[in-house]
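Dumping the structure here so I can ask a few things about it.
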Amino acid sequence: IWRLTPDLDGEHKTWAEWNERILTVMVPAVYAFALQLLADSGSELGAVDRGFSAWPLASKVEKEFSGLLEPLVQRLQELRLLPTPASTLACPAEAVYFPTPAPALAACRRQLLKFCADAGHVG
């Protein structure tokens with residue numbers, strides 16, 4: 001896959017720009033849509049289990065593809081994906097977080113808290 005680097009020119013630069021757009025715009029959009037479908041699937045626990053296992057772990061994402069994590073987190077923050085005790089869904093931006101024992105949940109929590117802090121929503 002051609003990645004955008006300063007030394008590219010001509011056709012290779014065009015290909016690399018196309019690939020960057022796919023990785024930073026299209027993949028996060030489709031990934032977020034898939035997580036939304038899992039959350040809306042109607043099967044409460046099954047959707048939650050499948051959904052959380054589908055969230056990417058920053059530590060496991062290859063460096064080459066790490067650029068898609070921030071756009072994905074930006075998209076996910078306002079989607080109603082997280083189950084509440086009232087059997088409704090909350091978006092990560094409005095959720096109250098408690099300590100999370102699972103590594104995948106802890107990684108998602110760190111990413112979301114970082115995004116919120118960067119946006120000035122937490123002290």
Side-chain angles (χ1 to χ4, degrees):
I1 185 169
W2 287 96
R3 296 304 303 266
L4 193 57
T5 58
D7 62 329
L8 290 177
D9 59 3
E11 207 171 67
H12 293 174
K13 183 176 181 180
T14 302
W15 295 340
E17 289 170 341
W18 174 256
N19 291 340
E20 291 297 324
R21 185 106 168 122
I22 289 171
L23 285 174
T24 60
V25 176
M26 297 305 296
V27 170
V30 171
Y31 209 119
F33 180 71
L35 289 174
Q36 184 71 67
L37 287 176
L38 284 171
D40 292 338
S41 72
S43 170
E44 292 176 27
L45 192 54
V48 172
D49 289 342
R50 288 190 308 272
F52 285 143
S53 66
W55 286 56
L57 273 172
S59 63
K60 304 273 185 194
V61 173
E62 294 178 32
K63 184 179 177 192
E64 183 177 0
F65 301 108
S66 63
L68 69 88
L69 288 177
E70 186 65 25
L72 176 61
V73 170
Q74 287 177 7
R75 287 183 173 275
L76 295 179
Q77 72 167 342
E78 297 300 328
L79 293 178
R80 297 198 174 281
L81 302 167
L82 304 173
T84 68
S87 297
T88 61
L89 295 171
C91 62
E94 67 187 20
V96 176
Y97 295 95
F98 297 97
T100 51
L105 297 179
C108 289
R109 180 178 187 271
R110 283 192 303 276
Q111 287 176 329
L112 291 171
L113 288 175
K114 179 188 176 306
F115 182 84
C116 290
D118 291 348
H121 295 296
V122 293

Inset, instruction - Rounded to the nearest 0.5 Å, what's the gap from CG on L113 to CG on D118? Could you check? - result: 11.0 Å
Legend entry - Cluster overlap W18 with V30, hydrophobic side-chain contacts below 4.5 Å: no
Inset, instruction - Mind checking the CG-CZ spacing from L38 to F33? Nearest 0.5 Å is all I need. - result: 10.5 Å
Inset, instruction - Identify the two heavy atoms, one from Q77 and one from Q74, that lie closest to each other, and give their separation to 0.1 Å. - result: CG-O, 3.2 Å
Legend entry - Minimum heavy-atom distance between A32 and L72, given as atom pair plus value: N-CD1, 3.9 Å
Inset, instruction - Give a yes or no on whether a salt bridge exists between R80 and E94, defined as a side-chain N under 4.0 angstrom from a carboxylate O. - result: yes
Legend entry - Approximate separation, where rounding is to 0.5 Å, of L76 CG and L35 CG: 6.0 Å
Legend entry - Spatial distance of atom CG (L81) from atom CG (L37) [nearest 0.5 Å]: 10.5 Å
Legend entry - P28 versus I22, closest heavy-atom pair with distance: CD-O, 4.3 Å
